[in-house]
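By convention in this document, chain letters (A, B, ...) are assigned in the order of the sequence lines, proteins followed by strands, and residues within each chain are numbered from 1. No experiment lies behind these values; they were computed from the predicted model shown.
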There are 2 protein chains.
Amino acid sequence: MKVTIKMIAEEAGVSMTTVTNVLKNRTDRVSKEKIELINDIIKKYNYTPNMNARSLANSSSNLIGLLYHSVGGRIDFSDPFVSELLAGIEEKTKDNGYFVLVYNIETVDDVIKVQKNWKFEGFIIVGLSENSFEEIHKNIPSDTPIVFVDTHLTADMEKEFINLPNRYIISSEDRQAGHEATKFLISQGHRKIGFLGFTFNENEPGVINERFYGFKKALQESSISFDYRFFFTDKEFEKITDVLEEITALVVSSDYLAINLIHYLRMRGLYDKKKLSIIGFDDVSYAKFLDPPLTTIRLNQKNKGIIAFNLLNKAIHGESVDKITNLSGDLIVRESVTNVASKIGKQARRKNEK
Amino acid sequence: MKVTIKMIAEEAGVSMTTVTNVLKNRTDRVSKEKIELINDIIKKYNYTPNMNARSLANSSSNLIGLLYHSVGGRIDFSDPFVSELLAGIEEKTKDNGYFVLVYNIETVDDVIKVQKNWKFEGFIIVGLSENSFEEIHKNIPSDTPIVFVDTHLTADMEKEFINLPNRYIISSEDRQAGHEATKFLISQGHRKIGFLGFTFNENEPGVINERFYGFKKALQESSISFDYRFFFTDKEFEKITDVLEEITALVVSSDYLAINLIHYLRMRGLYDKKKLSIIGFDDVSYAKFLDPPLTTIRLNQKNKGIIAFNLLNKAIHGESVDKITNLSGDLIVRESVTNVASKIGKQARRKNEK
DNA sequence: TTGAAAGCGCTACCAC
DNA sequence: GTGGTAGCGCTTTCAA
């Protein structure tokens, strides 16, 4: 049998209001004796309020929407990159008394749907492009805070963004990460370097776009010209096999993609880590267990999830929060990159590994 | 501005009841013209009903609770074993118009909490021991269906379970899996075989317990006696190093644990796949990318998630459903197990790999 | 066919 | 301090 405020009020011989006041800890409005009495009854029946009624009555709900954006099913929970973020969020969220509704959004309609169906305290939305960002931002009332994870904005848009109330961004320094990854390859003597990433829109900022930008910048700084023949998307593994003799290294936009490529090549007897160095991004939990252990830029997704929640939590409580947070990546040197410049440095390659 | 039924009714010049009837497709109670008119308005405002109000008024909610049981934080979303299940569930769930609330439960109180806070259509609960199973089962009304994933019951309990309305179980044939894994090691000439698993209660059935049972059975069938010195928990890696010279193979209760062990040994210079064969369970997505590629029993978590949802969905709609579903595992032969019996068979070891 | 009204459980406002 | 009550948006029962 469901226990309600009314029942508690009856048993205690008080009004519903008084019970509510006790529930809400408005101690100045209820006498000490009643507080105790009511609390005892609450405990006795193990009463917990009905969230639907509560959400209906006011606007609070303790519900947080974790929305994953996926175009064409690209985002998959089995990708550790995704689940590690979730791990971070889930952990904090529960400790703070929230509930998380996980929803995969493909179109704006999906957002409108969750949005109207439930009352949310706030949203954490992952992986939105700038275009989708605008649409979605407009469709969620400005009194509901949103933390956008891994959304990148053009400079113009960013200026606007700064003034948007209740909208926050947390992402990695993807440009810097791409730059660092590439610089590392160059430092190891590589000159013919390719780039492999999930398909992205070159005219719109985004995680991969940013990494690609950092990649090109690093090449440029070393006066290396980039040959677009060495640019590949995740659908073009076979194109890579064609130029295997021409490139010595590859910047791959995620560990996940990197190991898939290695596997693809290996199955065809084409993988030789001495001849093709590979650096990834993320440092997923098993990157160090791979063959070869992956050299990568650690982005620490779990930590990102924790911070995303903290931002949201503060925003919900009306505390002031940084509009844009950028987490820097760390180069993790393992064994998928070979030094082709000299024989020295083989030791150094392990420095980051414990 | 939120659109409500009332507003729609006003604009259409009808009563709320009529709008509801259209919403519910009760076409026999409304005239054709009004149906069209109302539908137009609904479309125009992109109306979607408020779930909180709806849930409050009736008992439906379109909400499914995905509850992960973790004692001492053992279950972690970054463990692919967990996230792959979620991937399967999320996929189906959305297609069928449900929303998923993900919650990590540690105690029965946690269950009571979610349970009273929200109205759920049903639950998918993962990783419950028999004891917790009973407690939780009792605390959720019997008209709410629950699918228990990976819960194992003793024979007595199982008899009772069969008659419990709205309770279902889906799990893997863990005993058979343990048996198969061990038999494979034996077929490869191993005789000194150890077992490594997360700590478990020997008196209570459970995933690892079952695998261990199958393990012992296989040994027995080959008249190999089991030495408890070769039994290890996840906290006892160093105990393994002590007997490294004595055992030639290890059955490890999950891929996740297996790679952690390999890494642990490798870091100490103690890993030699020729001298220590390892077989895991799950076949997590990256098992084939590891060094060495892991020989394992594939359990297909994603598929399990899909099936779990299907069971629940049918149960919610009152269709009859199998009380207990068992998914069999498949031996996937890769390279972490060495044939110590003969020189032949090295070819065969690759047969399962594409 | 259509509509009025009660009630789901809770909160906030206002009165005593 | 305490209590009454309207109302959140929706569904269902009963009446017209």
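With distances taken from any side-chain atom of B:Thr18 to the nucleotides D:dT12, C:dT2, D:dT5, the minimum falls on C:dT2. For A:Val14, taking side-chain heavy atoms from C-beta onward, the closest of the listed nucleotides C:dT11, D:dG3, D:dG9 is D:dG3. For A:Thr4, taking side-chain heavy atoms from C-beta onward, the closest of the listed nucleotides D:dT11, C:dG9, D:dT2 is C:dG9. The side chain of B:Pro49 lies closest to D:dC10, out of D:dC10, D:dG3, C:dG3. For B:Val30, taking side-chain heavy atoms from C-beta onward, the closest of the listed nucleotides D:dG9, D:dT11, C:dT2 is C:dT2.
Annotation: cation-pi pair A:Lys323/A:Tyr168 present, NZ/CZ under 6.0 Å from the ring centroid and within 45° of its normal.
For residues 32-46 of chain A, proximity to DNA chain D is found at A:Lys34, defined as any non-hydrogen atom under 4.0 angstrom from a strand atom.
Regarding B:Ile5, its CD1 atom lies at a distance of 14 Å from the C1' atom of C:dG3, rounded to whole Å. To the nearest angstrom, C1' of C:dA12 lies 14 Å from CG of A:Leu23. One can place CD of A:Glu10 at 14 Å from C1' of D:dG3, the figure rounded to the nearest angstrom. Rounded to an integer number of Å, the gap from NZ of A:Lys119 to P of D:dG9 is 6 Å. Protein atom CE of A:Met16 is 18 Å distant from nucleotide atom P of C:dC14, rounded to whole Å. Note: CG (A:Asn21) to C1' (C:dA15) measures 14 Å, nearest angstrom. A:Lys6 places its NZ atom 10 Å from the C1' atom of C:dG9, with the value rounded to the nearest Å. Separating the CZ atom of A:Arg29 from the C1' atom of C:dA12 is a distance of 9 Å, rounded to the nearest angstrom.
Between A:Phe133 and A:His137, the ring planes are parallel. Angles under 30° get that label, and only those over 60° would be called perpendicular.
Distance CG/A:Leu164 to CD/A:Glu158: 12.0 Å, rounded to 0.5 Å. The line from CG of B:Leu312 to OH of B:Tyr98 is 7.0 Å long, rounded to the nearest 0.5 Å. Note: A:Leu67 CG to A:Asp110 CG = 8.5 Å, rounded to the nearest 0.5 Å.
Applying the 4.0 Å criterion to OP1 and OP2 of C:dG3, one finds that B:Ser15 has a side-chain N or O inside that range. For the OP1/OP2 pair of D:dT12 and a distance below 4.0 Å, the side-chain nitrogens and oxygens of B:Arg26 include at least one atom meeting the criterion. For A:Tyr47 and C:dG9, the shortest distance from a side-chain N or O to OP1 or OP2 is not below 4.0 Å. Residue B:Arg54 places at least one side-chain N or O under 4.0 Å from the OP1 or OP2 atom of D:dT11.
Ion pairing of A:Lys94 with B:Glu106 is present here, as a side-chain N (NZ or NE/NH1/NH2) and a carboxylate O approach within less than 4.0 Å. A salt bridge links A:Lys44 with A:Glu11; the closest basic N to acidic carboxylate O contact falls under 4.0 Å. Salt bridge annotation for B:Lys304-B:Glu84: absent, with no cationic side-chain nitrogen under 4.0 angstrom from a carboxylate oxygen.
With A:Ser171 contributing its side chain and A:Val149 its backbone, the two residues share no donor-acceptor pair below 3.5 Å.
What you find for A:Arg167 and A:Thr144 is that their closest heavy atoms are NH2-O, 2.7 Å.
When heavy atoms are screened at a 4.0 angstrom cut-off, B:Ser31 is found touching the sugar-phosphate backbone but no base atom. Counting any heavy atom pair closer than 4.0 Å across all strands shown, B:Thr17 reaches a base atom. Here B:Asn52 lies out of heavy-atom contact (under 4.0 Å) with every strand.
Ring to ring, B:Tyr103 and A:Phe99 are close: their centroids are under 6.0 angstrom apart.
Along DNA chain C, the nucleotide nearest to B:Gly13 and the one nearest to B:Ala53 differ in position, and the one closer to the 5' end is contacted by B:Gly13.
Note on the helix from C:dT1-D:dA16 to C:dC16-D:dG1: angle between the axes of the first and last five pairs equals 40°, rounded to 10 degrees.
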